[in-house]
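Before we start, here is the structure in question, set down as structure tokens.
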2 protein chains.
Amino acid sequence: MARKPTPLREQTRTVVRSLLARTAVELFAAKGYDDTTLDEVAAAAGVSRRTLFNYFRNKEDLALGGLSEQGELIAARFAERPADEDAWASLRAAFQVLEEIGMTAERRLEMITLLFGNEALRAGHAEKQARWQDLLAPLIEPRLPDSDRRALQARAIAAAAITCLQAANEEWARLGGQVDLFDLYDTAVRAIRRPA
Amino acid sequence: MARKPTPLREQTRTVVRSLLARTAVELFAAKGYDDTTLDEVAAAAGVSRRTLFNYFRNKEDLALGGLSEQGELIAARFAERPADEDAWASLRAAFQVLEEIGMTAERRLEMITLLFGNEALRAGHAEKQARWQDLLAPLIEPRLPDSDRRALQARAIAAAAITCLQAANEEWARLGGQVDLFDLYDTAVRAIRRPA
DNA sequence: CACACTCGTGCACTGAGTGTAAATTGCTTC
DNA sequence: GAAGCAATTTACACTCAGTGCACGAGTGTG
């Protein structure tokens, strides 16, 4: 009984959820985030406005849907890395799950364009990524040499790495997705870690 | 004529603005951000709700008022530093303007508590600090050795430094403000820059 | 067939944020 | 000091995001 509580229900729920998000993002991209009402999204998806809130906490989540999820993927991948690997190397490897997600360059550019165009969305995005720290820092901490303030150090490393990814991502979008994201990421990391 | 265009008007405006922000933050701290309506803030400040929007763009700005301003202060201080100084040293010096602002440790703790308690505020805060990058990166860039991707490098450095400040600030608040903020900041910076 | 349980939906409500036009206030000029 | 101009305040009406609630449809169970 407890084995498979509602496998089918959950499945449909996931499908509907991603369908709604997809519809919403299309509309946002076409008309702009602020100029798209939830009534319109609901109508386009053939569902009631009230139901949107059944699947998403708020309008922002409708646009940023996958981000929390991505954080969990990254953390999971990090946890799989050998415990004696350098934290930065593990982080880099963990971030690469993002490339494995089935997401075309076009869609990613669309997303980033959406994000840059709206302050509230940028804010939500920044916050979501900041929450990645909460997942990663505890995993980094045991890899650091003993010292007080290890928690702070772990958090700083997580935050800095995420920040580099973010900077690389922005640059990548600015260049129209024509370069390799991880080349940019490596450049960013080297820039902050180089003793010079 | 152009010498003193509206010295008195602007003065009152600044005073009223900080009075409103002060009133708002007090209420937010007392009742919680979400449970405080703008009607209440307006009433407490003896002003109409509509007027609040004359001074602040939105509820969030009422709470985070000073942050953009702080970014400008930091950038200004950075610009004053000798051009051949190491960027990280200049950044550290620039951040210290924050200690010079007349703001008691109590008030800062109050602020941070407010911030941690609300997701939207955390998001707004993160975004505001991310905008500091836009001010700092162009100042950092000319200090870097020639290379392509210098813009990206500058942005990464700015972002990482801000992130360290942020991590230090969180830790500082968690410890109840009993330690020196810049000790924590230095620890964070060392953690990410040490080649180990 | 009766039951519980879930899910979508309509309805009514609160609160943030905006446009507008009238009233008020501060500042300048004669 | 009075008249006139510009900025500010305010009330009013409106849109939209978000929430609570209760009803009804669909499904699975005894």
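Here the structure is a predicted model, which is why all the values come from computation and not from measurement.
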### Task
Identify, with sequence neighbours excluded, every residue that meets salt bridge (Lys or Arg N to Asp or Glu O under 4.0 Å) alongside A:Asp183.
none

### Query
Which atoms form the tightest heavy-atom contact between A:Lys31 and A:Thr36, and what is the distance?
CB-OG1, 3.5 Å

### Query
Who are the ring-ring contact (aromatic ring centres under 6.0 Å, His included) partners of B:Tyr55, not counting sequence neighbours?
none

### Task
Please list, chain by chain and in numerical order, all residues satisfying side-chain hydrogen bond (donor to acceptor under 3.5 Å, both in side chains) with A:Thr51, sequence neighbours excluded.
A:Ser48

#### Entry: Distance test, side-chain N/O of A:Tyr55 to OP1/OP2 of C:dG8, below 4.0 Å
yes

### Query
Any idea which heavy atoms bring A:Ser147 and A:Gln153 closest together, and the distance?
OG-NE2, 3.3 Å

### Summary
Rounded to the nearest 0.5 angstrom, the CG-CD1 distance for A:Leu91 and A:Ile157 is 8.0 Å

### Query
Between B:Asp186 and B:Arg193, is a salt bridge (Lys or Arg N to Asp or Glu O under 4.0 Å) present by the stated rule, with each step listed?
CA-CA 10 Å; B:Asp186 291 334; B:Arg193 301 203 69 212; over 6 Å; no

### Message
Is there a side-chain contact between B:His125 and B:Arg122 in this structure, where contact means two heavy atoms from C-beta onward sitting under 4.5 Å apart?
### Response
no

### Message
Please list, in numerical order, the residues of residues 16-25 of chain B that have a heavy atom closer than 4.0 Å to any atom of DNA chain C.
### Response
none

### Query
If the sugar-phosphate is the primed atoms plus P, OP1 and OP2 and the base is the rest, what is the B/S/- string for nucleotides 11-16 of chain D, using protein heavy atoms under 4.0 Å?
B----S

### Task
Send over the distance from A:Phe53 CZ to C:dT9 C1', rounded to a whole Å.
14 Å

### Task
Whole angstrom is fine here: how far is it from CD in A:Glu40 over to C1' in D:dA17?
14 Å

#### Entry: Ion pair check, B:Lys128 and B:Asp61, cut-off under 4.0 Å
yes

Find every protein N or O atom lying less than 3.5 Å from an N or O atom of nucleotides 21-26 of chain C, and list the pairs.
unit_1, atom_1, unit_2, atom_2, d
C:dG26, O4', B:Arg9, NH2, 3.1

### Message
Rounded to whole Å, how long is the line connecting atom CD of A:Gln11 with atom P of D:dT27?
### Response
17 Å

### Task
Take atom CZ of A:Phe28 and atom C1' of D:dA17, then tell me their distance rounded to the nearest Å.
11 Å

### Message
Can you measure A:Asp34 atom CG to C:dT18 atom C1' for me and round it to whole angstrom units?
### Response
13 Å

### Task
List in numerical order all residues of residues 111-122 of chain B for which some heavy atom is under 4.0 Å away from an atom belonging to DNA chain C.
none

Side-chain donor-acceptor distances from residues 96-108 of chain B under 3.5 Å, at least two apart:
unit_1, atom_1, unit_2, atom_2, d
B:Glu100, OE1, B:Arg77, NH2, 3.0
B:Glu100, OE2, B:Arg77, NH1, 3.3
B:Thr104, OG1, B:Arg107, N, 3.0

### Task
May I ask you to say what A:Phe56 touches in the nucleic acid, namely base, sugar-phosphate or nothing, with a heavy-atom cut-off under 4.0 Å?
nothing

### Query
Reckon B:Asn54 touches a base, only the sugar-phosphate, or nothing at all at heavy-atom distances under 4.0 Å?
base

### Query
Roughly how many Å is it from CG in A:Asp61 to P in D:dG18, rounded to a whole number?
9 Å

### Task
Could you pull out all residues at least two apart from B:Tyr185 that satisfy ring-ring contact (aromatic ring centres under 6.0 Å, His included)?
B:Phe95, B:Phe182

### Message
Rounded to whole Å, please give me the gap between CZ in B:Arg13 and C1' in D:dT9.
### Response
11 Å

### Query
At how many degrees, to 10°, do the end axes of the helix from C:dC1-D:dG30 to C:dC30-D:dG1 meet when each uses five pairs?
10°

### Message
Give me the atom names and distance for the closest heavy-atom approach of B:Trp88 to B:Ala160.
### Response
CH2-CB, 4.0 Å

Kindly list each side-chain donor-acceptor pair under 3.5 angstrom involving residues 111-118 of chain A, sequence neighbours excluded, with atom names and distances?
unit_1, atom_1, unit_2, atom_2, d
A:Thr113, OG1, A:Leu109, O, 2.7
A:Asn118, OD1, A:Ala120, N, 2.9
A:Asn118, OD1, A:Leu121, N, 2.9
A:Asn118, ND2, A:Asp34, OD1, 3.4
A:Asn118, ND2, A:Asp34, OD2, 3.1

For residues 131-140 of chain B, please give each side-chain donor-acceptor pair under 3.5 Å, one per line with the distance, not counting sequence neighbours.
unit_1, atom_1, unit_2, atom_2, d
B:Arg131, NE, B:Glu127, OE2, 3.1
B:Arg131, NH1, B:Asp134, OD1, 3.4
B:Arg131, NH1, B:Asp134, OD2, 2.6
B:Arg131, NH2, B:Glu127, OE2, 3.1
B:Trp132, NE1, B:Leu67, O, 3.2
B:Gln133, OE1, B:Arg155, NH1, 2.9
B:Asp134, OD1, B:Arg155, NH2, 2.5

### Task
Identify whether the distance between the nearest side-chain nitrogen and carboxylate oxygen of A:Arg143 and A:Asp84 falls below 4.0 Å.
no

### Task
Establish, for the pair A:Lys59 and A:Tyr33, whether the NZ or CZ atom is under 6.0 angstrom from the six-membered ring centre and no further than 45 degrees off its axis.
yes

